[in-house]
Amino acid sequence: SDGAAAPVAKDLPVRVPRRFELLARPLAELDEGDVPAAVREELLQAELLQPHLGLQRQLRRRDVLRGRFGLKPGELLVTNIGTVCDRKGQIGFCRAVDLFRQRHPDLNARTRFVLLGGRATLIDEMLRDVLADLALPNLEVHPETPDFLPYYAAADLTVCSSYEESSPRVVMEAMACGKPLLASAIAGISELARDGLEATLVPAGHTTAWADGLARLLGDPATAQDRAKRARTRVEAEYAADIVLPRHAALASAVAAGQV
């Protein structure tokens with residue numbers, strides 16, 4: 001070694017995907033020039049910019065967006081976004097939907113469930129077999145796609161049914177989009193969204209608790225929306241890029257300097 005000091009993080013560029021940086025910023029602070037054309041179109045489709053960029057005439061109304069999912073007036077949409085895999089708990093979630101159907105037939109009759117993240121794997125085959133046995137006509141699995149924002153924007157409720165997580169992006173995205181959230185009460189989620197405040201958290205894989213959680217939030221939209229608003233506020237206050245990235249850079253600098 002020539003004894004030269006290792007570069008510290010503050011000297012290195014720190015980048016974050018532009019759409020996530022924008023999602024985490026207070027929308028009222030955005031100007032049209034802040035948003036690149038491609039990102040603007042993506043956010044317009046998700047109806048995240050409507051009150052703030054003076055683009056009302058170009059916006060697609062939420063009912064049009066929901067029409068892409070074949071939703072009828074009065075129907076509810078629940079989305080579970082994430083690559084189909086054992087860790088994400090989609091099979092257990094489907095069993096909870098089946099119990100929800102049995103216990104709350106009237107509410108189930110006007111609720112649609114969409115799982116986004118299907119692939120061609122062994123777990124996908126297992127999921128298809130389970131769904132064939134359960135025969136849930138109002139539950140669909142969509143293949144994974146980069147066009148994921150409409151699955152938040154059109155939803156009345158977003159769920160994260162994982163058994164294990166670190167810092168799940170789907171939770172952050174749902175919070176940033178101001179969507180009611182039902183999620184597993186596990187490490188990595190409970191630090192981001194707190195039960196009874198920004199989300200409703202239930203034990204991972206607990207079929208009865210998940211069915212009851214669906215019924216509570218879908219049957220009480222006022223409570224669901226209140227928690228969604230708190231979630232959006234928390235994202236802006238604690239997880240915005242201009243807040244989080246300097247902390248990461250400071251920690252990396254301290255590690256590089258041997259201070260940690």
Side-chain angles (χ1 to χ4, degrees), residues 66 69-82 84-118 123-142 151-152 154-165 168 170-171 174-175 177-186 189-190 193-231:
R66 286 167 64 84
F69 292 89
L71 295 167
K72 300 176 183 177
E75 282 191 320
L76 303 171
L77 176 63
V78 178
T79 56
N80 187 332
I81 301 170
V84 171
C85 63
D86 186 56
R87 179 176 63 85
K88 293 288 186 180
Q90 287 98 341
I91 290 177
F93 175 71
C94 292
R95 298 192 186 282
V97 171
D98 183 49
L99 182 59
F100 169 78
R101 173 181 64 170
Q102 298 173 43
R103 291 189 168 187
H104 308 277
D106 292 339
L107 188 54
N108 177 75
R110 58 186 184 92
T111 304
R112 294 268 305 281
F113 299 89
V114 175
L115 278 60
L116 175 66
I123 294 295
D124 287 86
E125 294 178 9
M126 293 173 61
L127 177 60
R128 283 193 291 271
D129 290 342
V130 168
L131 289 176
D133 290 338
L134 295 177
L136 299 170
N138 58 337
L139 190 151
E140 303 173 359
V141 180
H142 291 188
Y151 288 80
Y152 293 110
D156 298 282
L157 174 65
T158 297
V159 306
C160 179
S161 54
S162 298
Y163 291 101
E164 178 185 359
E165 285 290 358
V170 63
V171 169
M175 295 172 69
C177 291
K179 290 297 169 180
L181 176 66
L182 175 64
S184 299
I186 58 174
I189 292 179
S190 57
R194 299 164 293 184
D195 182 41
L197 293 176
E198 298 90 17
T200 297
L201 305 183
V202 295
H206 194 301
T207 303
T208 302
W210 271 89
D212 290 346
L214 287 170
R216 286 200 308 273
L217 290 174
L218 293 174
D220 185 0
T223 295
Q225 288 299 326
D226 178 67
R227 293 178 185 179
K229 290 178 181 178
R230 293 185 186 190

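In what follows, every heavy atom counts, from backbone to side chain, and hydrogens, waters and symmetry copies are set aside.
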Student: Strictly distance-based, threshold 3.5 Å: is any side-chain N or O of R66 a donor or acceptor partner for the main-chain N or O of E75?
Tutor: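 Here the side-chain-to-backbone pair exists.
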Student: Grab the two heavy atoms, one from E164 and one from I186, that are nearest each other, plus how far apart they are.
Tutor: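 Looks like N-CD1, 3.7 Å.
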Student: Out of curiosity, L107 CG to H104 NE2, how far, rounded to the nearest 0.5 Å?
Tutor: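 Rounded to the nearest 0.5 Å, the CG-NE2 separation comes to 7.5 Å.
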Student: At what distance, to the nearest 0.5 angstrom, does CG of L217 lie from OG1 of T200?
Tutor: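 The CG atom of L217 sits 4.0 Å away from the OG1 atom of T200.
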Student: Parallel, tilted or perpendicular: which fits the ring planes of F69 and H142, with parallel below 30° and perpendicular above 60°?
Tutor: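 It falls in the parallel class, under 30°.
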Student: Show your working on side-chain contact (heavy atoms from CB on, under 4.5 Å) between F100 and V78 and close with a plain yes or no.
Tutor: CA-CA 13 Å; F100 169 78; V78 178; over 6 Å; no
Student: So, do V84 and L115 sit near enough that their side-chain heavy atoms are less than 4.5 Å apart?
Tutor: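 No. Closest side-chain heavy atoms not under 4.5 Å.
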Student: Looking at R227 and D220, is any side-chain nitrogen of the basic one under 4.0 Å from a carboxylate oxygen of the acidic one?
Tutor: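 Salt bridge: no.
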Student: Locate the shortest heavy-atom distance separating L131 from C94; write the atom from each residue and the value.
Tutor: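 Nearest heavy atoms, L131 then C94: CD2-SG, 3.6 Å.
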Student: Which heavy-atom pair separates P168 from I189 by the least distance, and what is that distance?
Tutor: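 Heavy-atom minimum between the residues: CG-CG1, 3.7 Å.
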Student: Give a yes or no on whether the backbone of G82 and the side-chain of Q90 come within a donor-acceptor separation of less than 3.5 Å.
Tutor: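 Yes; at least one donor-acceptor contact below 3.5 Å.
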Student: Between D98 and R101, is there a salt bridge with N-O shorter than 4.0 Å?
Tutor: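 Yes, charged N to carboxylate O under 4.0 Å.
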Student: Could you check whether any side-chain heavy atom of R95 comes within less than 4.5 Å of a side-chain heavy atom of L99, counting everything from C-beta outward?
Tutor: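 Result no, sub-4.5 Å side-chain heavy-atom pair not found.
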Student: Rounded to the nearest 0.5 Å, how far does CG of L181 lie from OH of Y152?
Tutor: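 Taking OH in Y152 and CG in L181, the distance rounds to 9.5 Å.
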Student: How many angstroms lie between CG in L182 and CG in D195, if you round to the nearest 0.5 Å?
Tutor: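 Rounded to the nearest 0.5 Å, the CG-CG separation comes to 9.5 Å.
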Student: Under 3.5 Å, is there a donor-acceptor pair between the side chain of N138 and the main chain of R112?
Tutor: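 Flag not set: sc N138 to bb R112 has no pair under 3.5 Å.
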Student: When you measure from the side chain of W210 to the backbone N and O of A204, does any donor-acceptor pair fall under 3.5 Å?
Tutor: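 Absent.
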Student: Check V114, T158, L157, T111 against L77 for a side-chain contact (heavy atoms from CB on, under 4.5 Å) and give me the one that passes.
Tutor: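 So, applying the side-chain contact (heavy atoms from CB on, under 4.5 Å) to L77 and each of V114, T158, L157, T111, only V114 qualifies.
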Student: Could you pull out the closest heavy-atom pair between A209 and V202, with the gap in Å?
Tutor: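 Heavy atoms only, the tightest pair is O-CG1, 3.8 Å.
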Student: Do D156 and P221 have side chains that approach each other closer than 4.5 Å (heavy atoms only, starting at C-beta)?
Tutor: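 SC-SC contact between D156 and P221 ruled out.
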Student: Quick one: closest heavy-atom pair of Q225 and P180, and the distance?
Tutor: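 Closest approach of Q225 to P180: NE2-CG, 3.7 Å.
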Student: I need the N80 CG to Y151 OH distance, nearest 0.5 Å.
Tutor: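 Rounded to the nearest 0.5 Å, the CG-OH separation comes to 12.5 Å.
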Student: Taking only Lys NZ, Arg NE, NH1 and NH2, and the carboxylate oxygens of Asp or Glu, determine whether R216 and D212 approach each other closer than 4.0 Å.
Tutor: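 No, no charged N to carboxylate O under 4.0 Å.
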Student: Set out, in order, the CA-CA distance, both residues' side-chain angles and the distance that settles side-chain contact (heavy atoms from CB on, under 4.5 Å) for L136 and F113, then state yes or no.
Tutor: CA-CA 9 Å; L136 299 170; F113 299 89; over 6 Å; no
Student: Begin from the C-alpha positions of M126 and D86 and carry the test side-chain contact (heavy atoms from CB on, under 4.5 Å) through to its verdict.
Tutor: CA-CA 10 Å; M126 293 173 61; D86 186 56; over 6 Å; no
Student: I want to check something: taking the side chain as every heavy atom from C-beta on, are N108 and L214 in contact at a cut-off of under 4.5 Å?
Tutor: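 Answer no - side chains too far apart.
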Student: Taking K88's backbone N and O only, do any of them form a donor-acceptor pair with S161's side chain (distance below 3.5 Å, no angle check)?
Tutor: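 Answer holds: yes.
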Student: Which heavy atom of C160 sits nearest a heavy atom of V170, and at what distance?
Tutor: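 Smallest heavy-atom distance, with atoms named: SG-CG1, 3.8 Å.
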Student: Short question: side chain of S184, backbone of S162 - any donor-acceptor pair under 3.5 Å?
Tutor: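 Yes: the side chain of S184 pairs with the backbone of S162.
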